[in-house]
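Note sheet for the following structure.
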Protein chains: 2
Amino acid sequence: MREEPVARTSGLLLLENPKMEEVVGFLQDSFRRKDLVIIVGDCECKYSGRASSSLGHGERVVLIKGDGSVQVHRPTGYEPVNWQPARCILSVSLEGSSLSIKAHRSRPRETLDTVFSSLIFIASTRLMDRAEFSLYVSEEQMRDALVSDPSILEDGLRLIDFERRVEPGFIDFYGKDTQGRFVVVELKRTPAGKDAILQLKRYVDVVGETTGLSVRGVVAAPSLRSGAQRILATLGLEFKRLSPRRCAKLLQKRETRKISEFFRAP
Amino acid sequence: MREEPVARTSGLLLLENPKMEEVVGFLQDSFRRKDLVIIVGDCECKYSGRASSSLGHGERVVLIKGDGSVQVHRPTGYEPVNWQPARCILSVSLEGSSLSIKAHRSRPRETLDTVFSSLIFIASTRLMDRAEFSLYVSEEQMRDALVSDPSILEDGLRLIDFERRVEPGFIDFYGKDTQGRFVVVELKRTPAGKDAILQLKRYVDVVGETTGLSVRGVVAAPSLRSGAQRILATLGLEFKRLSPRRCAKLLQKRETRKISEFFRAP
DNA sequence: TGCTAAATCTCGAAC
DNA sequence: GTTCGAGGTTTAGCA
């Protein structure tokens with residue numbers, strides 16, 4: 001006799017070595033509730049869409065999330081061997097003694113069919129997760145990256161000075177472009193707003209007065225806040241996208257290169 | 001009283017609402033055996049390496065494979081929020097009442113630390129999976145792709161004919177390059193071997209005799225079988241990599257473009 | 001909606 | 001080992 005799935009404190013439902021028949025309803029309920037489902041068992045996969053693929057029998061972990069995304073994981077490899085992104089239409093059916101789970105989407109039109117010939121266990125649960133994910137790179141790290149390779153902002157851009165003291169404060173990056181024009185860069189780790197633009201404007205004015213030449217002002221940030229583009233254009237300043245991630249990557253590269261050059265030295 | 005983890009027929013070990021203390025040994029054993037581990041629980045994540053990231057408390061699924069890869073999955077999204085590729089060094093420790101799982105690798109130097117404050121369940125199992133994964137595109141589809149856009153093989157390559165009847169059989173693709181030289185292409189869906197090369201040689205010779213001009217012979221395949229490069233060079237023929245996937249992608253693009261052009265038509 | 005560029009891209013092959 | 005290119009790339013930012 002089989003026991004019914006038991007609801008845990010966390011709302012976890014577990015089926016160990018379940019029968020195919022009972023699994024159909026179990027999965028349909030889980031999909032309807034948009035719960036997360038983990039299936040471990042022996043399955044085949046067929047994918048058809050942008051390309052076609054087939055994968056014979058083997059024991060795998062299948063992860064089906066409430067958003068309709070599907071992943072089939074083999075025992076090794078970071079990436080799923082087969083998958084389907086979110087917003088799939090999921091359907092479960094019994095095919096003889098096997099269980100078929102189809103994940104279909106249009107645009108692009110593609111289907112992943114996972115057919116289980118045996119099941120080791122199935123878990124279904126609703127996960128609570130409201131946390132915010134944040135990738136960090138400091139403004140100082142971004143400045144270091146720009147100083148070490150100004151071309152990440154603009155081709156041919158060269159460094160004159162950084163953290164340069166001028167009347168209202170410090171210029172993050174001070175350089176010269178391919179046409180020989182001075183460039184003042186205001187760096188922001190987060191989307192740049194009016195404050196950053198006005199700050200830059202002051203620096204540009206000061207440098208313009210000091211040198212008596214026309215000076216370019218560039219806001220370098222991951223993006224502009226809404227409305228900032230308008231102010232920027234009004235003041236004759238520019239925006240250049242600079243992603244914190246790219247800066248971090250470049251710094252990492254420089255770091256490893258330094259180390260390798262050190263070891264290569266005689 | 002807690003019951004001991006029970007070994008299933010499949011070698012599955014399950015812990016439901018386990019205590020942190022018992023989990024440490026459980027995970028260390030699993031990692032040593034290089035079994036696959038699934039953990040569901042409330043955790044925080046900190047990543048540091050190429051970039052830095054932090055993720056606050058939330059219920060997630062963590063998948064740790066025998067190859068040392070780690071994935072932290074939130075309730076939605078196809079991709080893991082945090083991850084670490086294969087060949088990581090895994091370590092488990094108790095930090096107060098929390099469980100910390102660190103995945104570290106060098107080159108690039110980066111660490112993912114996942115700290116569980118509570119556990120819903122843990123599963124550990126060895127998966128048997130020896131199946132081969134294959135992506136399908138027929139040779140005919142590859143030929144269609146090449147015919148519809150010869151530049152995927154070589155810049156400026158133009159089509160003269162395909163499936164062209166010559167003495168020993170059919171030339172897959174017959175064209176002309178930017179220098180006006182005739183090009184005979186032999187297509188293979190799988191790594192090309194001696195047979196494909198000799199076939200191509202016959203076509204090239206026939207076309208050369210017919211036209212009285214020098215003719216280029218190109219093997220287009222995902223790769224060359226070992227030793228084939230040598231024969232190719234000896235016979236004065238060329239190899240151009242052509243992936244079935246890229247052909248499939250191109251065909252799909254053409255298809256969608258056709259459809260959109262159809263709908264756009266007046 | 002479609003494109004273009006970046007990704008903690010990953011992964012594999014060639015050099 | 002390192003570099004280079006492809007991917008069912010995915011994803012985010014913009015026009």
Just call it for A:Gln229: base, sugar-phosphate, or nothing, with non-hydrogen atoms closer than 4.0 Å on any strand. nothing

Rounded to whole angstrom units, what separation is found between the CG atom of A:Leu242 and the P atom of D:dG13? 14 Å

Distance in angstrom units between B:Phe133 CZ and D:dG8 P, rounded: 7 Å

Please state how far atom NZ in B:Lys46 lies from atom P in C:dT8, giving the value in whole angstrom units. 18 Å

Between atom CG in A:Leu135 and atom P in D:dG13, what is the gap in whole Å? 12 Å

Rounded to whole Å, how long is the line connecting atom CG of A:Leu232 with atom P of D:dC14? 12 Å

When you check the gap from the basic side-chain N to the acidic O, do B:Arg87 and B:Asp67 get nearer than 4.0 Å? no

Residues that A:Asp129 engages under side chain to side chain contact (heavy atoms under 4.5 Å, CB included), provided they are two or more places apart: A:Ala131, B:Arg60, B:Arg74, B:Pro75

Could you work out the separation of D:dG8 and D:dC4 based on their P atoms and round it to a whole Å? 22 Å

Which protein N or O atoms sit under 3.5 Å from an N or O of nucleotides 10-12 of chain D?
from, atom 1, to, atom 2, distance (Å)
D:dT10, OP1, A:Arg50, NH2, 3.1
D:dT10, OP2, A:Arg50, NH1, 2.8

Return the value, rounded to whole Å, for the distance between atom CZ of A:Arg107 and atom C1' of C:dG2. 12 Å

Under the side chain to side chain contact (heavy atoms under 4.5 Å, CB included) test, residues paired with A:Ser138 that sit two or more places apart: A:Glu140, A:Gln141

Please table the atom pairs, donor to acceptor, closer than 3.5 Å between any side-chain atom in residues 183-199 of chain B and protein atoms at least two apart or in another chain.
from, atom 1, to, atom 2, distance (Å)
B:Gln199, OE1, B:Arg202, NH2, 2.8
B:Gln199, NE2, B:Tyr203, OH, 3.1

Taking any heavy-atom pair under 4.0 Å as a contact, classify B:Tyr136: base, sugar-phosphate, or nothing. nothing

When rounded to the nearest Å, what value does the distance between C1' atoms of D:dC14 and C:dT8 take? 24 Å

Contacts of A:Asp144 that satisfy side-chain hydrogen bond (donor to acceptor under 3.5 Å, both in side chains) - sequence neighbours left out: none

If you find the nucleotide of DNA chain C closest to B:Ala86 and the one closest to B:Leu224, which residue's nucleotide is nearer the 5' end? B:Ala86

If I pick the C1' atom on C:dA6 and the same atom on C:dT10, what distance separates them, to the nearest angstrom? 14 Å

Do A:Gln84 and A:Gln71 have side chains that approach each other closer than 4.5 Å (heavy atoms only, starting at C-beta)? no

Spacing between A:Arg74 atom CZ and C:dC11 atom P, to the nearest angstrom: 14 Å

Under 4.0 Å between any heavy atoms, over every strand shown, what does A:Val137 touch: base, sugar-phosphate, or nothing? Just pick one. nothing

Kindly say if B:Ser243 contacts the phosphate of D:dG7, meaning a side-chain N or O under 4.0 Å from OP1 or OP2. yes

Rounded to the nearest angstrom, tell me the gap between atom CZ in A:Arg225 and atom C1' in D:dG13. 17 Å

Go through the structure and list residues passing side chain to side chain contact (heavy atoms under 4.5 Å, CB included) with A:Glu132, not counting sequence neighbours. none

Can you tell me if the side-chain N/O atoms of B:Ser48 get under 4.0 Å from OP1 or OP2 in C:dT8? no

